[in-house]
Amino acid sequence: MDGQQNTNQPFILALLPLMGTILAIFSGLAASSAGFGHRWGWWSYRTGFTVLKAAAYLGIAAAVVSLAGLVVTRPMFQRQGVVLALAGILIGLLTAGIPWSWLRTVKQVPYIHDITTDTENPPKFIAVLPLRKNAANPAEYSGPDIAVQQRKGYPDIVPLRSKMPPDQVFEQALSIARDMGWEIVDAKPKDGRIEATDTTFWFGFKDDVVIRITPALDGSRVDVRSLSRVGRSDVGTNAKRIRAFLE
């Protein structure tokens with residue numbers, strides 16, 4: 001009887017790397033579906049966040065099981081087991097690291113979702129408004145409280161000054177917006193206004209952008225505003241978008 005138990009024990013331990021890898025793959029698939037499920041209309045973004053949280057815990061479990069498998073496999077010099085265990089650890093930790101990174105970023109950036117280069121007179125949305133009729137976040141700027149948080153968290157988000165005339169700046173701005181993959185909703189050269197929608201890759205969040213180009217003494221001034229349709233925090237996405245556009 002003792003001999004049979006001793007025979008079965010190494011076999012069970014040898015399965016740990018495989019079990020850890022399978023758990024890690026499931027955690028990665030669950031994390032992927034969390035975002036794409038919302039993008040494809042399967043569930044709300046809140047459900048997607050719940051799925052992502054569960055995937056993170058599953059990823060941690062997968063990493064622990066894979067680590068245990070690595071410990072028991074190395075003395076046996078089973079190369080396949082070592083490779084599986086390392087893969088399970090890597091995939092599990094990467095899956096768990098995604099929401100952890102988001103939470104870390106949320107704590108470091110302002111808890112806002114409306115970013116503009118002009119907090120005193122923000123560019124206004126006009127053509128985009130019908131597309132935002134069911135949006136959770138209003139298109140109106142929230143005022144001084146938001147402005148204070150933005151200036152503290154994103155002091156580099158300021159208007160762009162150009163020595164080129166407004167008409168040339170407008171054409172360049174429109175070209176850049178298209179190159180960045182934004183969906184152009186409206187472009188009015190005489191008003192110096194461009195409105196567009198940018199859709200994030202994973203969750204498919206739709207954020208609206210308005211660009212305002214006005215004449216200045218030495219050329220032109222460019223102001224940009226980026227506003228999320230849902231969510232209280234944008235995890236720094238709108239500020240990154242404005243920086244990328246202005247750069």
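The structure displayed is predicted, hence computed values, not measured ones. Computed over heavy atoms, backbone and side chain alike; hydrogens, waters and symmetry mates excluded.
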Can you check side-chain contact (heavy atoms from CB on, under 4.5 Å) on Thr116 and Val224, steps first, answer last?
CA-CA 6 Å; Thr116 176; Val224 187; over 6 Å; no
For Lys124 and Tyr141, run side-chain contact (heavy atoms from CB on, under 4.5 Å): C-alpha distance rounded to whole Å, both residues' side-chain angles, the deciding distance at 0.1 Å, then the answer.
CA-CA 8 Å; Lys124 294 182 179 180; Tyr141 192 67; over 6 Å; no
Do Thr117 and Val158 pass the side-chain contact (heavy atoms from CB on, under 4.5 Å) test, and can you show the C-alpha distance, the side-chain angles, and the key distance before you say yes or no?
CA-CA 4 Å; Thr117 56; Val158 295; 5.7 Å; no
For a side-chain contact (heavy atoms from CB on, under 4.5 Å) check, start with the C-alpha distance between Val65 and Leu23, then their side-chain angles and the critical distance, and finish with the verdict.
CA-CA 9 Å; Val65 173; Leu23 284 175; 4.2 Å; yes
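For the residue pair Ala62 and Ala24, the shortest heavy atom distance occurs at CB-N, 3.3 Å. Here the shortest heavy-atom pairing between Ala56 and Ala96 reads O-CB, 3.6 Å. Nearest heavy-atom pair across Gly219 and Pro166 is O-CD, 4.1 Å. Residues Gln149 and Pro110 come closest through the heavy atom pair O-CG, 3.5 Å. Closest heavy-atom contact between Val106 and Ser233: CG2-OG, 4.1 Å. Smallest separation of non-hydrogen atoms from Ala34 and Gly48: CB-O, 3.2 Å.
At distances below 3.5 Å, at least one donor-acceptor pair connects side-chain atoms of Thr237 with backbone N or O atoms of Asp234. Without hydrogens or angle criteria, Arg104 side chain to Pro99 main chain gives no donor-acceptor distance under 3.5 Å. No donor-acceptor pair closer than 3.5 Å links the side chain of Arg232 to the backbone N or O of Ile112. Thr21 places a side-chain N or O within 3.5 Å of a backbone atom of Pro17 that can act as its donor or acceptor partner. When atom types are taken as modelled, the side chain of Glu195 and the backbone of Ile126 share a donor-acceptor pair closer than 3.5 angstrom. Thr95 contributes a side-chain N or O that, together with a main-chain N or O of Ile91, makes up a donor-acceptor pair within less than 3.5 Å.
The same ILVMFWY cluster, assembled from side-chain heavy atoms under 4.5 Å apart, contains both Ile242 and Ile176. Under the 4.5 Å side-chain heavy-atom criterion for ILVMFWY residues, no single connected hydrophobic cluster contains both Ile211 and Leu131. A continuous path of hydrophobic side-chain contacts links Trp42 to Val230 [ILVMFWY only; heavy atoms under 4.5 Å]. There is a path of hydrophobic side-chain contacts, each under 4.5 Å, that joins Met180 to Val209. Connection of Trp102 to Val109 is not established within any shared hydrophobic cluster, with ILVMFWY side chains joined at heavy-atom distances below 4.5 Å, either directly or through further cluster members.
Taking the six-membered ring for Trp, Trp202 and Trp40 have ring centres at least 6.0 Å apart. Here His38 and Phe205 bring their ring centres to under 6.0 angstrom of each other.
Contact annotation: the side chain of Arg241 approaches that of Thr200 to within less than 4.5 Å [non-hydrogen atoms, C-beta and beyond]. The side-chain heavy atoms of Ile157 and Arg243, taken from C-beta on, include a pair separated by under 4.5 Å. Proximity of Ile115 to Gln150: side-chain heavy atoms (C-beta onward) are separated by under 4.5 Å at one or more points. Side-chain contact between Phe245 and Trp182 is present, with at least one heavy-atom pair separated by less than 4.5 Å.
The CG atom of Leu86 sits 9.5 Å away from the CG atom of Leu67 when rounded to the nearest 0.5 Å. A distance of 11.5 Å separates CD1 in Ile213 from CD in Gln168, rounded to the nearest 0.5 Å. Between the CG atom in Leu52 and the OH atom in Tyr45 there is a gap of 14.5 Å [rounded to 0.5 Å]. With values rounded to the nearest 0.5 angstrom, Leu160 atom CG is found 9.5 Å from Ser220 atom OG. Between the CZ atom in Arg193 and the CZ atom in Phe170 there is a gap of 9.0 Å [rounded to 0.5 Å]. One finds the CG atom of Leu227 at 6.5 Å from the CG atom of Asn137 (value rounded to the nearest 0.5 Å).
Heavy atoms from other residues, nucleotides or ligands lying under 6.0 Å from CD of Gln108 number more than 12. In Gln172, the CD atom is not crowded: 12 or fewer heavy atoms of neighbouring residues, nucleotides or ligands sit closer than 6.0 Å. In Tyr111, the OH atom is crowded: over 12 heavy atoms of neighbouring residues, nucleotides or ligands sit closer than 6.0 Å.
A tilted orientation is assigned to the rings of Phe203 and Phe49, their planes being inclined by 30° to 60°. Between Phe36 and Phe201, the two ring planes are perpendicular [angle over 60°; tilted spans 30° to 60°].
Between Asp198 and Lys206 there is no salt bridge, since no side-chain N of the basic residue sits under 4.0 Å from a carboxylate O of the acidic one. Salt-bridge annotation for Asp218 and Arg161: absent, with no side-chain N of the basic residue lying under 4.0 Å from a carboxylate O of the acidic one. Taking 4.0 Å as the cut-off between side-chain N and carboxylate O, Asp118 and Arg221 count as a salt-bridged pair. Salt-bridge check for Arg229 with Asp207: failed, with every basic side-chain N at 4.0 Å or more from each acidic carboxylate O. Using a cut-off of 4.0 Å between Lys/Arg side-chain N and Asp/Glu carboxylate O, Asp223 and Arg212 are scored as salt-bridged.
In this model, a donor atom of one side chain and an acceptor atom of the other lie less than 3.5 Å apart for Ser44 and Thr47. Between the side chains of Arg151 and Thr119, at least one donor N or O sits under 3.5 Å from an acceptor N or O. Looking at Asp208 and Thr197, their side chains do bring a donor and an acceptor atom within 3.5 Å of each other. With no hydrogens or angles considered, no side-chain donor-acceptor pair links Asp114 and Ser228 at under 3.5 Å.
The residue from Leu58, Ile60, Ile22, Leu94 that alone fulfils the side chain to side chain contact (heavy atoms under 4.5 Å, CB included) condition with Ser27 is Leu58.
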